Protein chains: 2
Amino acid sequence: MQTSSLAPEGKLELELTARGIRMTRQRRVILGVIESAGKHLDAAQILRRASRIEASINRVTVYRTLNLLKKQGLVDELDLLHVRGDGHYYEPRPARHHLHITCLRCGSVSELESALFERLKGQVQREFDFDITIARVEIGGVCSKCRK
Amino acid sequence: MQTSSLAPEGKLELELTARGIRMTRQRRVILGVIESAGKHLDAAQILRRASRIEASINRVTVYRTLNLLKKQGLVDELDLLHVRGDGHYYEPRPARHHLHITCLRCGSVSELESALFERLKGQVQREFDFDITIARVEIGGVCSKCRK
DNA sequence: TTAAGTGCAAATATTTTGCTGTCAC
DNA sequence: GTGACAGCAAAATATTTGCACTTAA
């Protein structure tokens, strides 16, 4: 079977629809941009990419959609140690929390899932009797390429 | 020996002076506020407290001092998952990296030093051949008090 | 003395809100 | 048909910059 080339429904769209949330042309475009981005985008970048597909899309709609997705727990908001500016970066919420490792020289971002981190979260839950919903790990430094 | 009640030199002031950085009346006040705060303050809170001591202190000077301290690696900038607004919070850089655990209901912040986290950083250094300079862990959820 | 720092006003960057008209269901 | 959503303009929030005056060393 082949995937349709027009508006293939992504996970985000399916999730929102399943939760009875209305799907609009604009939302579909924004969701598609977030899901198909190979990297973390900020609001301005999401707007720029969405605009190419649907010229009329407004900045405000991007922010409102991001807020909706955050509230639904479908995307996570990152700062990436503010390598570029004071804005936020977004990614679809992954199955497992992972670390973000940002090179402060070249801005490249690596990700890491780690059993140690799972144990660390367990420690927090136990020691503070704390119910974790978000976990953000942002590590900054210099990558091997930039050290050469 | 008793500590002088006027302008006791804190660690930050000593560090800056040792590095040949000029010490002004305003800086001394701001450094004092940051060091003696029992909790993480944002720029506006630092300004408010500093103003009480030295009424003429300007918002801009607070930002400029924070930038100086960041550049010198003497304070760390946190987001605390943006429990209140989109600003940043500051703390003197501690000897060891620690975790920040923020209750998304009541906004209380706990801290944790953990051997597991030290191991996790080691893993990152090794697996990515990465030279870590900053490590920020921000965990959000609901504390035990708020769950009751 | 003089380079660095400060205050003030204004600019910039990021995100939100009010309102009116439109569209998904 | 109607309540949720979009666009536009304007406001709110957070931070930085240009410039003239002041001060630490």
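Only a predicted model underlies this, so the values are computations on that prediction, with no experimental measurement involved. Letters go in sequence order (proteins before strands), and every chain restarts at 1.
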(request) Taking heavy atoms of chain A and a 4.0 Å limit, find me the 5'-most and 3'-most nucleotide of DNA chain D within that range. (result) D:dG3 to D:dT15
(message) Checking A:Arg49 now: which residues fulfil side-chain contact (heavy atoms from CB on, under 4.5 Å) with it, not counting sequence neighbours?
(response) A:Val33, A:Ala37, A:Lys39, A:Leu41, A:Arg52
(request) Measure from NE2 on B:His88 to P on C:dT15 and round the result to the nearest Å. (result) 10 Å
(message) For a quick test of reading the model, state the closest non-hydrogen atom pair linking A:Gly140 to B:Phe130 and the distance between them.
(response) C-CE2, 3.7 Å
(request) Find which nucleotide of DNA chain D each of A:Thr65 and B:Glu77 is nearest to by heavy atoms, and output the residue with the more 5' nucleotide. (result) A:Thr65
(request) Tell me, please, which residues at least two apart from B:Ile134 pass side-chain contact (heavy atoms from CB on, under 4.5 Å). (result) A:Leu81, A:Leu104, B:Arg93
(message) Tell me every residue that passes side-chain contact (heavy atoms from CB on, under 4.5 Å) with B:Thr17, counting only those two or more places apart in sequence or in another chain.
(response) B:Glu13, B:Met23
(request) Could you check how far CG of B:Asp79 sits from P of C:dT14, rounded to whole Å? (result) 14 Å
(request) Measure from NE2 on A:His82 to C1' on C:dT15 and round the result to the nearest Å. (result) 14 Å
(request) Just jot down the salt bridge (Lys or Arg N to Asp or Glu O under 4.0 Å) partners of B:Arg25, sequence neighbours excluded, or say none. (result) B:Glu54
(message) Expressed as a whole number of angstroms, how long is the span from A:Lys70:NZ to C:dT14:C1'?
(response) 12 Å
(message) In this structure, how many angstroms lie between the P atom of C:dA4 and the NZ atom of B:Lys71, rounded?
(response) 13 Å
(message) For A:Thr61 and B:Gly85, find the nucleotide of DNA chain D closest to each by heavy atoms; which residue's nucleotide sits nearer the 5' end?
(response) A:Thr61
(request) Provide the full list of ring pair (Phe, Tyr, Trp, His ring centres under 6.0 Å) pairs with a residue in residues 105-124 of chain B, sequence neighbours left out, each pair given once. (result) none
(request) With sequence neighbours left out, write down each residue that passes ring-ring contact (aromatic ring centres under 6.0 Å, His included) with A:His97, or none if nothing qualifies. (result) none
(request) Summarise protein proximity over nucleotides 17-25 of chain C in one line of letters, 5' to 3': B for base, S for sugar-phosphate only, - for none, counting protein heavy atoms closer than 4.0 Å. (result) BB-----BS
(message) Which residues pass the side-chain contact (heavy atoms from CB on, under 4.5 Å) test with B:Asp79, not counting sequence neighbours?
(response) A:Asp79, A:His82, A:Arg136, B:His82, B:His88, B:Arg136, B:Glu138
(request) Identify whether any heavy atom of B:Asn67 sits under 4.0 Å from a base atom; if not, whether one sits that close to sugar-phosphate; answer base, sugar-phosphate or nothing. (result) sugar-phosphate
(request) May I have the distance from B:Ile30 (atom CD1) to C:dT6 (atom C1'), rounded to whole angstrom? (result) 10 Å
(request) Grab the stems for DNA chain C, please: at least three consecutive Watson-Crick or wobble pairs, both distances below 3.5 Å, written as range with range. (result) C:1-25 with D:1-25
(message) Who clusters with A:Val60? Use side-chain heavy atoms, under 4.5 angstrom, across I, L, V, M, F, W and Y, and order the result by chain and number.
(response) none
(request) Please name all residues satisfying salt bridge (Lys or Arg N to Asp or Glu O under 4.0 Å) with B:Lys70, sequence neighbours left out, ordered by chain then number. (result) B:Glu77
(request) Can you see which heavy atom on B:Leu66 is nearest to which on B:Tyr90, and at what distance? (result) CD1-CE1, 3.6 Å
